[in-house]
Amino acid sequence: MTVRFVGGPLAGRVLETTDAPWFGGWFTVGDTAGLYVPVHHDAVTGVVLAEVRVTVPRRW
């Protein structure tokens, strides 16, 4: 599977993974972290488009 990142610190990067499904998750670059969620899967090529979701830490 190939994951293409849109937005955030990984914008424009491509990640080659195993054939296992990917449901989204945290990726870090340096001191920054972003939650990337899959927004589109091309069934023909197997490419997944992942979009960044900005999160703000909560204070309890």
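One finds the CG atom of Asp42 at 5.0 Å from the NE2 atom of His40 (value rounded to the nearest 0.5 Å).
The two residues Tyr36 and Leu10 have their closest heavy-atom pair at OH-N, 3.0 Å.
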Practice item. Start with the C-alpha distance between Thr2 and Val14, add both sets of side-chain angles, then the distance that settles side chain to side chain contact (heavy atoms under 4.5 Å, CB included), and finish with yes or no. Key: CA-CA 7 Å; Thr2 302; Val14 176; 3.3 Å; yes

Practice item. Step by step, work out the side chain to side chain contact (heavy atoms under 4.5 Å, CB included) result for Leu49 and Val6. Key: CA-CA 7 Å; Leu49 184 62; Val6 178; 3.1 Å; yes

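Using a 4.5 Å heavy-atom threshold, the side chains of Leu15 and Phe5 count as touching.
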